[in-house]
> 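Can you keep this structure in mind? I'll have questions shortly.
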Amino acid sequence: MKVILKILIISSLLIFSNNTAQVDSILSVAQKFTPKRKLDFLLQQTWEKRGKAPSEALIFGKKSINLAEELNDKSNLAKGFNFLGVIYRNIGEYDSSYQMYKRALDIAKSIKDSMQMAYAFNNIGGYYGYQHEYFLALEYVFNAREIFKKLKNLRGEAFCDIKLGLWYTTSEQYDMALKELNRAIEIREKIKDEFGITVAKSLIEQIYLQNEEYDKAYHLALQLLETFKKFKDKRGIGIILGTLGGIHFCRGNYKQALAYRTKALRYLEKVKYPNGIVNNLNGLGLIYHKLNKDDKAIRVLNKSIKIAKKFHYDKGLIDAYFNFVKIYRDNNEMKKLALYHQKAINISDSLGLLEKKTRLNEFKKIFLINKLNRDNLILENELQKNKIIFHALFLLGLLIVVFAVVFYLQNKKLKRERKLLQESNFTKDKLFSIIAHDLKSPFSALFGYSEMMLSDFDDFSRDEIKENLGHIKSVSQNLFAMVENLLQWARNQTQGIKHEPEIVELEGEIEKVLSNFEQSASIKNISLERDLENGLKVFCDVSMLQTVLRNLINNAIKFTRPNGKITVRAKVLPEEGKVKISVEDTGIGMTEKQIEQLLNKKGKSTHGTGGEKGTGLGMLLVNEMVKHNGGELSIESEVEKGTTISFTVPLVKNEE
């Protein structure tokens with residue numbers, strides 16, 4: 001044992017001395033150059049060694065920054081900080097990377113260097129992506145890409161496309177990810193950037209892997225491995241070796257998987273890439289378990305947990321906990337299984353809450369920024385008009401009264417408009433708060449049913465499976481309705497409602513909508529009944545009509561107890577030339593105050609009789625669309641007896 005330890009120590013010293021000698025050799029070469037040429041050379045070495053030898057790259061990067069400060073070369077100083085940020089990112093020191101990017105951005109802004117500003121924007125977007133703040137990440141990357149486009153910098157555009165492809169992959173939007181990555185490859189083929197093409201293809205290979213297209217992933221990984229070897233990129237080599245180990249594991253080739261994972265780990269430890277180290281330790285844990293070496297499996301998984309916690313790599317930590325769950329499940333150690341399962345769920349839940357909180361905060365930030373911009377614009381306009389008035393009063397004293405009146409009226413108008421704008425923003429912030437909160441429930445229900453069916457599938461009877469699938473469909477339908485309302489409301493706010501009326505056969509449209517709710521009604525044993533006059537035709541926008549009916553029927557099911565009844569009626573009002581459509585339920589009803597709040601758009605989302613949730617947007621959309629179709633909305637309700645919501649649409653007479 002002592003002999004082996006001595007050999008390891010001697011080997012480490014030899015590697016360290018070789019690295020030191022190599023750095024000293026390069027620095028001695030740099031001493032022969034002029035200061036400006038020396039700076040360019042050091043920056044080049046920093047960038048080229050970012051993946052091959054990050055510890056050496058850090059040395060060259062820090063020296064290039066010192067030299068740039070001596071030469072007062074702020075453009076290259078910004079570039080140096082950007083390079084250092086990339087290296088810190090590669091070794092998992094994300095906070096340090098952000099500080100470097102921020103320094104680069106501040107310096108680039110001070111000298112109006114658009115190129116380094118764009119690179120800093122793109123890098124900061126990458127940082128926010130690693131922190132799960134995807135809205136901010138996309139905002140920064142899109143800003144960077146716009147600058148690169150104006151500068152006609154194809155290389156920069158490709159960097160942005162890579163970032164977008166990475167975040168779309170992380171959020172499982174694979175079509176969008178492939179679009180961005182293929183665009184990056186197309187650009188890099190134009191500029192003959194072979195290494196850049198390899199990086200983009202490595203992300204595509206990950207998409208194949210996540211979609212379980214193992215043959216495609218395997219053949220592409222072999223090609224990428226040769227390219228990374230050609231460029232001597234140890235980080236890339238380690239990642240691809242780990243991927244090949246994962247593919248062999250999925251195919252049941254555990255010895256080959258062990259060889260690849262072990263080799264990958266050696267490469268990634270050399271370049272100090274913590275995420276890659278954790279991923280491969282997790283992979284090794286499962287391999288050792290399959291090879292009946294649980295002692296080794298537990299040892300490497302504990303090491304993985306330690307590193308993941310140190311570098312705040314939450315996904316790797318969750319994977320390690322779930323790997324323990326698999327091991328203890330196979331060994332029938334239920335207490336340990338439950339312990340690690342709870343640890344994984346706790347982290348997953350906290351991340352989910354953090355994600356929703358982050359998204360909500362980012363929505364608010366966006367609205368706040370827009371509001372401040374609008375307020376600044378209004379104030380600038382006021383200031384400009386005040387200057388004009390001042391000069392006019394000075395030159396034309398006889399018109400002072402007229403100008404004072406104009407100023408007063410205009411100022412009053414601006415205050416009124418600002419008040420309306422503040423009220424509008426408050427309403428939007430409130431709606432997004434409701435949306436972020438209420439979308440959680442159906443997603444949790446879907447995850448719960450899915451996890452239950454997957455974990456206990458063999459214990460379910462066919463009837464129980466059918467029943468649970470019915471619940472999943474019902475929850476999905478409710479979730480779809482909520483998202484559809486949200487999208488419709490967003491379109492209305494940004495584009496305005498497009499009203500395209502036509503002659504519609506009413507009975508057929510009502511039946512189409514009712515058919516979509518048969519399943520969710522049957523789950524609560526609610527009967528859906530019709531009381532329709534035959535042959536009625538109305539003149540309205542069919543999309544709006546369907547949206548109104550969907551929301552009213554969905555609400556009726558939501559607030560009706562099991563074994564209740566819902567009736568859809570259609571009756572002609574000959575004197576008004578309209579048709580009155582009613583959705584009547586035997587549900588829990590509403591008080592007069594609740595009805596008043598609903599009609600005045602001051603209501604809030606409430607739970608249904610089965611715990612169903614909503615976003616509070618439904619009745620807001622219904623009211624708007626009924627008015628656009630030339631109708632009126634009315635509500636009749638009695639607590640514990642039921643509710644009838646009616647609306648009118650123009651009638652098309654038979655002779656027409």
Side-chain angles (χ1 to χ4, degrees), residues 92 94 129-134 169-172 206 209-210 212 238-239 242-243 245-250 254 257-258 260-262 264-265 268-269 272-358 440 443-458:
Y94 297 117
Y130 286 115
Q131 302 304 313
H132 311 293
E133 298 185 35
Y134 296 118
T169 301
T170 303
S171 57
E172 298 182 3
Q206 289 298 311
L209 197 59
Q210 291 183 39
E212 298 183 0
I239 291 171
T243 298
I247 295 170
H248 277 295
F249 179 84
C250 293
Y254 301 130
L258 178 62
Y260 276 111
R261 285 289 192 187
T262 304
L265 193 59
L268 295 171
E269 285 175 338
K272 300 178 182 178
Y273 179 43
N275 291 14
I277 293 169
V278 169
N279 291 338
N280 278 281
L281 288 171
N282 286 339
L284 283 171
L286 288 181
I287 294 168
Y288 283 132
H289 174 58
K290 290 293 183 181
L291 294 173
N292 297 318
K293 298 179 180 179
D294 283 349
D295 288 344
K296 286 188 175 182
I298 291 170
R299 189 161 60 251
V300 296
L301 289 176
N302 280 325
K303 184 178 178 182
S304 170
I305 289 170
K306 184 178 179 181
I307 297 171
K309 285 181 177 179
K310 178 181 177 181
F311 290 95
H312 307 290
Y313 182 30
D314 297 314
K315 182 183 180 303
L317 186 58
I318 292 170
D319 289 343
Y321 285 148
F322 274 122
N323 286 352
F324 269 118
V325 169
K326 293 173 185 175
I327 291 171
Y328 291 131
R329 179 183 294 157
D330 291 346
N331 293 335
N332 202 28
E333 297 183 54
M334 304 311 293
K335 287 186 178 180
K336 291 182 178 179
L337 182 153
L339 173 65
Y340 281 97
H341 186 269
Q342 190 58 51
K343 286 183 177 183
I345 293 300
N346 288 343
I347 296 175
S348 299
D349 287 347
S350 66
L351 287 176
L353 291 172
L354 175 63
E355 182 78 7
K356 291 188 186 331
K357 182 179 178 182
T358 299
K440 176 185 175 183
F443 273 117
S444 297
L446 282 175
F447 293 152
Y449 279 122
S450 303
E451 185 176 1
M452 180 179 67
M453 290 187 70
L454 283 172
S455 62
D456 300 324
F457 183 86
D458 294 331

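Numbering of residues begins at 1 and proceeds along the displayed sequence. Note that this is a predicted model, so its numbers are computed, not measured.
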> Can you tell me how far apart OG1 (T169) and CD (Q206) are? Round to the nearest 0.5 Å.
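If I round to the nearest 0.5 Å, the distance is 9.0 Å.
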> If you compare all heavy atoms of A257 against all heavy atoms of G245, which two are closest, and at what distance to 0.1 Å?
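Nearest pair, atom of A257 first, then G245: CB-O, 3.3 Å.
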> Sequence neighbours excluded, which residues qualify as side chain to side chain donor-acceptor pair (under 3.5 Å) partners of N279?
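By the side chain to side chain donor-acceptor pair (under 3.5 Å) rule, N279 matches Y313.
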> Y321 pairs by side-chain contact (heavy atoms from CB on, under 4.5 Å) with which of L317, V325, D319, N323?
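Testing Y321 for a side-chain contact (heavy atoms from CB on, under 4.5 Å) against L317, V325, D319, N323 leaves exactly one candidate, L317.
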> Looking only at heavy atoms, which two atoms of G316 and A308 are closest? And how far apart?
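Nearest heavy atoms, G316 then A308: C-CB, 4.4 Å.
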> With rounding to the nearest 0.5 angstrom, report the CD to CG distance, E333 to D294.
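Going from CD on E333 over to CG on D294, the span is 8.5 Å.
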> Looking at K326 and H289, what are the two nearest heavy atoms and their distance?
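The pair with the smallest heavy-atom distance is O-NE2, 4.2 Å.
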> Please list, chain by chain and in numerical order, all residues satisfying side-chain contact (heavy atoms from CB on, under 4.5 Å) with K290, sequence neighbours excluded.
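side-chain contact (heavy atoms from CB on, under 4.5 Å) list for K290, sorted by chain: F249, Y254.
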> Between atom CG of L209 and atom SG of C250, what is the distance when rounded to the nearest 0.5 Å?
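If we round to the nearest 0.5 Å, L209:CG and C250:SG are 6.5 Å apart.
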> Working to the nearest 0.5 Å, report the span between CG of L284 and NZ of K296.
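Reported value, rounded in 0.5 Å steps: 10.0 Å.
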> Going from CG on N282 to CD1 on I287, what distance comes out if it is rounded to the nearest 0.5 angstrom?
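These two atoms lie 11.0 Å from each other.
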> Could you report the tightest heavy-atom contact between G285 and A297, atom names first, then the distance?
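What the structure gives for the nearest pair is O-CB, 3.2 Å.
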> Could I get the full list of ring pair (Phe, Tyr, Trp, His ring centres under 6.0 Å) partners for H248, not counting sequence neighbours?
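So H248 forms a ring pair (Phe, Tyr, Trp, His ring centres under 6.0 Å) with Y218, Y260.
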> If we only count heavy atoms from C-beta on, is the H341 to F322 side-chain gap below 4.5 Å?
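They are in side-chain contact.
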> Quick check for you: to the nearest 0.5 Å, what is the distance between I327 atom CD1 and L286 atom CG?
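With rounding to 0.5 Å, CD1 (I327) is 6.5 Å from CG (L286).
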> If the condition is side chain to side chain donor-acceptor pair (under 3.5 Å), which residues does Y288 pass it with, not counting sequence neighbours?
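Scan of Y288 (side chain to side chain donor-acceptor pair (under 3.5 Å), adjacent residues dropped) gives none.
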> Under the side-chain contact (heavy atoms from CB on, under 4.5 Å) rule, collect the residues that match up with F324, sequence neighbours excluded.
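If we apply the side-chain contact (heavy atoms from CB on, under 4.5 Å) test to F324, skipping adjacent residues, the hits are I298, L301, N302, I305, Y328, Y340.
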> Would you indicate whether K272, at its atom NZ, is surrounded by more than 12 heavy atoms from other residues, nucleotides or ligands within a distance under 6.0 Å?
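Not buried by this count: 12 neighbours or fewer within 6.0 Å.
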> Return the set of residues passing side chain to side chain donor-acceptor pair (under 3.5 Å) with Q210 (not counting sequence neighbours), or none when no residue passes.
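Result, side chain to side chain donor-acceptor pair (under 3.5 Å) vs Q210: Y174.
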> For R261, which of L281, V300, N280 qualifies under side-chain contact (heavy atoms from CB on, under 4.5 Å)?
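The side-chain contact (heavy atoms from CB on, under 4.5 Å) with R261 is passed solely by N280 among L281, V300, N280.
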> Should D295 and R299 count as an ion pair when the cut-off is N to O under 4.0 Å?
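Looking at D295 and R299, the cut-off is not met.
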